[in-house]
Amino acid sequence: MEKDALSVMVCLVSGFEKVKGSQQPPFPPPQPHQHSWAKGSDLPKPMVILNPTHIRRGGVVQLQMMPSGDTDTCTVYWPPCSFPNNTAHNRVVVKKWHADVGGTFGRLDEKGNFVPEEDHTKVTHYKPPEGYTGYVSITVEIDDIPKAIDPATGQEVDTWNDEPPAVSDPAKITVWEFEINPPFIDARPVDQLREGQAPYTFTATFKPGVDHNGNPMVTQIEFRLTSSREPGFCINAAREEGLWTDTTANDNDLKFVPNQTGLEIRAPEGTTNYNQAIYTVPQPPPSTVTVSVGVACLDYGAHGSITAIAYGVPSLQPQAIARWKGTLIERAAQIPKDQRNGLDDDRDGKLDEDLINGLDDDGDGRIDEEANGNGIWDGWEFEGSAMDDNDAEPIGDGTPGDGLTRYEEYMGF
């Protein structure tokens with residue numbers, strides 16, 4: 001028994017020595033050249049760059065992913081690894097874009113218009129949800145393609161490593177809006193002092209007050225008032241008492257009420273035509289910046305507009321003009337509502353449309369136009385051309401008109 005056991009042991013040792021002394025390597029036989037064996041590393045996180053980082057409601061932001069390479073260390077024994085430093089670089093592709101508040105990923109067409117794109121490898125831009133203001137976090141998920149270009153042959157070869165997908169850290173943007181409400185006074189103006197009525201109130205809102213980095217979005221809001229200047233509060237009556245409420249030929253028909261809390265009210269030197277109101281935003285600002293201004297109407301035929309301007313916005317523009325609330329129309333609010341004159345001012349062959357929704361309702365490829373105002377409230381029963389004089393009353397000698405223009409009759413006596 002002992003002799004037989006010894007014989008077995010000798011054979012085992014002898015067999016090992018035979019393999020060790022052969023010319024065959026102790027690893028799988030040579031493979032075709034396109035199958036290189038490589039040892040992979042974890043797929044590195046990509047980086048997302050947004051341009052710009054602050055956009056107005058309705059805008060789009062450009063997306064860029066910083067190149068992220070997947071490096072595999074080549075460990076091939078045969079054929080010899082021809083990658084420099086035994087390092088192979090896999091291709092990396094975008095697997096998915098994601099925004100925490102929703103919205104649409106897309107690209108720009110040949111005309112520069114944003115269009116949705118379902119293929120995430122072709123996405124270049126992002127548009128937040130309609131009407132959204134606030135913060136957005138955007139990430140991108142990438143995946144490696146376990147192939148590399150062999151520098152010795154120029155051919156794409158398998159690297160035999162497929163790392164799990166990697167997701168970027170969130171890149172953040174601030175979506176802001178600046179609006180004025182109401183966009184117009186839809187009523188016939190009156191001398192509010194004589195009628196005992198309260199001044200008109202216009203409110204500007206900027207949100208959010210701070211951006212995604214916690215920095216102020218706005219430092220100052222300015223209101224500018226333009227006004228008609230008719231002598232008197234109506235055609236044949238005036239008020240001249242040496243007060244800011246006077247209605248002489250040198251007085252504006254619309255004025256900011258002086259001494260409003262929190263506002264600096266200004267007038268051109270030597271006048272009481274208060275046409276500028278400044279609001280300095282407290283620091284740190286609130287989550288939503290809201291400021292109201294009172295406008296006194298001192299004439300039965302007054303007409304004008306109020307523009308709100310925000311300063312300090314970290315955007316491509318040094319200042320922002322308020323939009324009419326709920327629209328994309330960036331312009332002054334109106335006293336009174338005055339959008340129709342019955343003319344074809346844009347010469348498109350049709351009467352001008354009311355610009356109230358910021359859309360192309362007439363299908364001419366442009367946002368609808370605002371007709372030149374005539375100074376008369378659109379809701380007035382006899383609204384029409386301001387200078388015509390063709391009314392049938394009083395009858396007189398039968399000639400249409402009484403010598404007074406439509407606007408003068410609108411102002412009253």
Side-chain angles (χ1 to χ4, degrees), residues 179-192 194-195 197-204 223-230 233-235 252-255 293-308 321-364 366-393 400-402 404-413:
E179 296 181 311
I180 189 166
N181 178 37
F184 43 69
I185 299 297
D186 194 5
R188 183 179 181 180
V190 299
D191 183 346
Q192 293 170 335
R194 285 176 55 83
E195 301 292 340
Q197 292 188 7
Y200 300 130
T201 299
F202 289 84
T203 300
F223 294 96
R224 296 179 184 175
L225 174 62
T226 61
S227 171
S228 57
R229 187 181 292 180
E230 300 292 346
F233 52 79
C234 58
I235 287 295
N252 287 350
D253 300 331
L254 299 166
K255 299 180 181 181
V293 64
V295 180
C297 181
L298 304 173
D299 192 289
Y300 287 90
H303 55 90
S305 62
I306 296 88
T307 302
I321 306 297
R323 289 171 170 170
W324 288 359
K325 186 173 179 62
T327 76
L328 299 179
I329 302 170
E330 185 179 312
R331 64 181 59 196
Q334 295 177 303
I335 299 176
K337 181 182 179 183
D338 175 20
Q339 295 179 277
R340 298 190 297 270
N341 64 0
L343 301 177
D344 180 19
D345 292 317
D346 65 339
R347 300 180 182 178
D348 66 353
K350 297 183 292 185
L351 300 184
D352 295 336
E353 308 83 0
D354 289 338
L355 177 55
I356 58 176
N357 60 4
L359 302 178
D360 179 22
D361 292 324
D362 65 340
D364 65 353
R366 298 178 297 178
I367 292 179
D368 295 339
E369 310 81 1
E370 178 184 18
N372 292 331
N374 59 3
I376 298 175
W377 172 50
D378 288 346
W380 192 47
E381 181 180 359
F382 308 104
E383 197 262 350
S385 176
M387 300 307 295
D388 66 12
D389 175 32
N390 57 8
D391 46 349
E393 295 180 356
D402 54 10
L404 295 173
T405 66
R406 188 181 298 270
Y407 177 74
E408 288 174 329
E409 292 184 1
Y410 168 71
M411 282 189 65
F413 302 89

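All values derive from a computational prediction rather than experimental measurement.
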Open item on the list: What I want to check is whether the side chains of Y300 and E195 have a donor and an acceptor closer together than 3.5 Å.
Closed with: yes
Open item on the list: Once side-chain hydrogen bond (donor to acceptor under 3.5 Å, both in side chains) is applied, do any residues pair with Q192, and if so which ones, sequence neighbours excluded?
Closed with: none
Task: Expected output: side-chain S305 to main-chain T226 donor-acceptor under 3.5 Å - done: no
Open item on the list: For a quick test of reading the model, state the closest non-hydrogen atom pair linking W324 to P183 and the distance between them.
Closed with: CG-CB, 3.4 Å
- [ ] For D299, check side-chain hydrogen bond (donor to acceptor under 3.5 Å, both in side chains) against everything at least two apart and list the hits.
- [x] none
Task: Least distance between heavy atoms, Y407 atom then G375 atom - done: CE1-O, 3.7 Å
- [ ] Using side-chain hydrogen bond (donor to acceptor under 3.5 Å, both in side chains) as the criterion, list what pairs up with T201, not counting sequence neighbours.
- [x] none
Open item on the list: Minimum heavy-atom separation for D338 and I376, please, with both atom names.
Closed with: OD1-O, 3.4 Å
Open item on the list: So, applying side-chain contact (heavy atoms from CB on, under 4.5 Å) with I180, which one of I321, V293, I306 is it?
Closed with: I306
Task: Flag side-chain contact, heavy atom, 4.5 Å: V190 against Q197 - done: yes
Open item on the list: In the structure I gave you, are the side-chain heavy atoms of R323 and L328 within less than 4.5 Å of one another anywhere?
Closed with: yes
Task: Atom pair CD/NE2 of E230 and H303 - distance to nearest 0.5 Å - done: 6.0 Å
Task: Under 3.5 Å: donor-acceptor pair, side chain of S227, backbone of D253 - done: yes
Open item on the list: If you compare all heavy atoms of E179 against all heavy atoms of G326, which two are closest, and at what distance to 0.1 Å?
Closed with: OE2-N, 2.9 Å
Task: Least distance between heavy atoms, A302 atom then P336 atom - done: O-CD, 3.6 Å
- [ ] Just jot down the side chain to side chain contact (heavy atoms under 4.5 Å, CB included) partners of R229, sequence neighbours excluded, or say none.
- [x] N252, N273
Open item on the list: Rounded to the nearest 0.5 Å, what separates atom NZ in K337 from atom CG in D186?
Closed with: 5.0 Å
- [ ] Give the minimum heavy-atom separation between K255 and L298, together with the two atoms involved.
- [x] CD-CD1, 4.1 Å
Open item on the list: List the residues meeting side chain to side chain contact (heavy atoms under 4.5 Å, CB included) with I185, not counting sequence neighbours, and say none if there are none.
Closed with: P182, A187, Y200, F202, I335
- [ ] State which residues pass side-chain hydrogen bond (donor to acceptor under 3.5 Å, both in side chains) with T307; sequence neighbours excluded, sorted by chain then number.
- [x] none
